[in-house]
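Step one of this worksheet: look at the structure below.
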Amino acid sequence: MKKALKYLVIHCTATPEGRDVSSADIRRMHTAPKSAGGRGWKQVGYTDLIRLDGTVERLVNNNEDAWVDPWEITNGATGYNSVSRHIVYAGGCDKGMKPKDTRTDAQKSAMAEYVRDFHSKHLNVKIIGHRDLSPDLNGNGVIEPFEFMKACPSFDVAAWLKEIGITQ
C-alpha cells in the first residue's frame with residue numbers, strides 16, 4: 001500500500017574525502033550477503049547518488065509523485081522508509097574517517113539543483129539530514145548535536161537549505 005511522501009532524507013556514504021562511489025558500489029555494499037562484506041539487504045538505501053563530479057545516478061526508479069509505492073521503498077532510515085525518499089552524496093568523512101562535510105563544489109551544485117527541483121514539486125515534504133531523525137532526548141523540540149545517533153550527512157541540512165533559498 002502506498003503512503004504519502006513526508007521526507008526527503010539526505011545522507012552521506014560515510015567514505016573518506018576524495019573517494020568516489022558509484023551506484024554499483026552502493027548496490028554491492030547494501031545487497032551483497034553479510035558473508036561477502038555487504039549488509040544483505042534486498043534493496044539499496046537510496047534513490048539517487050551524487051558522485052564527486054556532481055553526476056546524479058539513479059539507484060531505484062520512482063514515479064516522482066507525492067506517494068511512496070512499495071516498489072519505491074529504499075532502506076535509508078529504519079522506521080521512515082515507507083514515507084521517505086533518500087538521496088546520498090559520496091563522502092562525509094575525513095581521511096581519518098571522522099565526520100566532515102566533504103561535498104565538492106560540483107556535488108554542492110548538483111545537490112542544490114536536485115533539492116530545489118524536488119522542493120518545487122513537493123512543497124509539503126520536509127527536507128532533512130539523516131541525523132535529524134534522531135530522538136529529541138531532552139524534549140525541547142530541537143535535535144541537538146549531543147542527541148545525534150549518527151553524524152550523517154555531516155552537515156547542517158536546515159542551515160544549508162536557507163543558504164540555497166529554501167524555507168520550510
Side-chain angles (χ1 to χ4, degrees), residues 1-15 21-34 36 38-51 54-92 103 107-137 139 141-143 147-162 164-168:
M1 176 179 187
K2 66 182 176 181
K3 294 187 178 181
L5 180 60
K6 293 183 181 179
Y7 303 101
L8 174 65
V9 184
I10 301 174
H11 298 261
C12 64
T13 58
T15 50
V21 176
S22 69
S23 56
D25 295 328
I26 297 288
R27 286 185 202 293
R28 186 175 51 257
M29 288 187 279
H30 289 186
T31 63
K34 289 182 181 182
R39 293 187 174 170
W41 296 346
K42 291 179 182 176
Q43 180 62 283
V44 295
Y46 321 110
T47 300
D48 293 299
L49 162 69
I50 302 171
R51 296 186 65 173
T55 301
V56 177
E57 289 186 11
R58 176 64 40 110
L59 290 157
V60 176
N61 287 327
N62 68 76
N63 56 20
E64 306 292 339
D65 66 7
W67 300 92
V68 180
D69 292 291
W71 56 272
E72 296 174 311
I73 296 174
T74 58
N75 291 322
T78 302
Y80 293 88
N81 295 325
S82 66
V83 294
S84 301
R85 188 154 303 139
H86 302 272
I87 65 170
V88 66
Y89 75 93
R103 292 175 297 159
Q107 284 175 307
K108 288 178 183 178
S109 177
M111 186 180 289
E113 181 179 342
Y114 184 105
V115 170
R116 282 188 192 112
D117 180 63
F118 180 91
H119 182 66
S120 73
K121 295 173 184 170
H122 305 285
L123 293 173
N124 295 322
V125 174
K126 187 167 175 133
I127 303 165
I128 58 174
H130 189 182
R131 69 186 190 186
D132 300 318
L133 295 172
S134 300
D136 180 11
L137 299 174
V142 178
I143 308 300
E147 297 170 311
F148 294 158
M149 292 172 50
K150 51 181 56 196
C152 178
S154 300
F155 70 95
D156 183 340
V157 171
W160 175 73
L161 290 172
K162 289 176 185 170
I164 66 167
I166 294 177
T167 53
Q168 301 189 93

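Values below: all heavy atoms of this structure, side chains included; hydrogens, waters and symmetry mates excluded.
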- pair Ile166-Arg116: side-chain heavy atoms closer than 4.5 Å: yes
- Can you find a heavy atom in the side chain of Asp117 that is under 4.5 Å from one in the side chain of Lys121? yes
Is there a donor-acceptor contact under 3.5 Å from the side chain of [X] to the main chain of [Y]?
X: Thr31; Y: Gln43; result: no
X: Asn63; Y: Asp65; result: yes
X: Ser84; Y: Tyr80; result: yes

How long is the gap from [atom1] on [X] to [atom2] on [Y], to the nearest 0.5 Å?
X: Leu8; Y: Ile128; atom1: CG; atom2: CD1; value: 8.5 Å
X: Met1; Y: Trp67; atom1: CE; atom2: CH2; value: 8.5 Å
X: Leu49; Y: Tyr89; atom1: CG; atom2: OH; value: 12.0 Å
X: Asp48; Y: His11; atom1: CG; atom2: NE2; value: 11.5 Å
X: Cys152; Y: Asp132; atom1: SG; atom2: CG; value: 10.0 Å
X: Arg85; Y: Ile10; atom1: CZ; atom2: CD1; value: 13.5 Å

- Message: Which label fits His122 and Phe118: parallel for a plane angle under 30°, tilted from 30 to 60°, or perpendicular past 60°?
- Response: tilted
- Item | Lys/Arg N to Asp/Glu carboxylate O, Arg27 vs Glu57, below 4.0 Å | no
Work out which heavy atom in [X] is nearest to a heavy atom in [Y]; give both atom names and the distance.
X: Ile143; Y: Arg131; result: CG2-O, 3.9 Å
X: Ala77; Y: Leu133; result: CB-CD1, 3.5 Å
X: Ala110; Y: Gly54; result: CB-O, 3.2 Å
X: Val157; Y: Ile127; result: CG1-O, 4.1 Å
X: Leu59; Y: Ser23; result: CD2-CB, 3.3 Å
X: Pro153; Y: His130; result: CD-N, 3.8 Å

- Message: I'd like to know if the side chain of His86 pairs up with that of Asn75 as donor and acceptor (distance under 3.5 Å, no hydrogens or angles considered).
- Response: no
- Flag this pair as yes if the NZ/CZ of Arg103 is under 6.0 angstrom from the six-membered ring centre of Phe155 and inside a 45 degree cone about the axis; otherwise no. yes
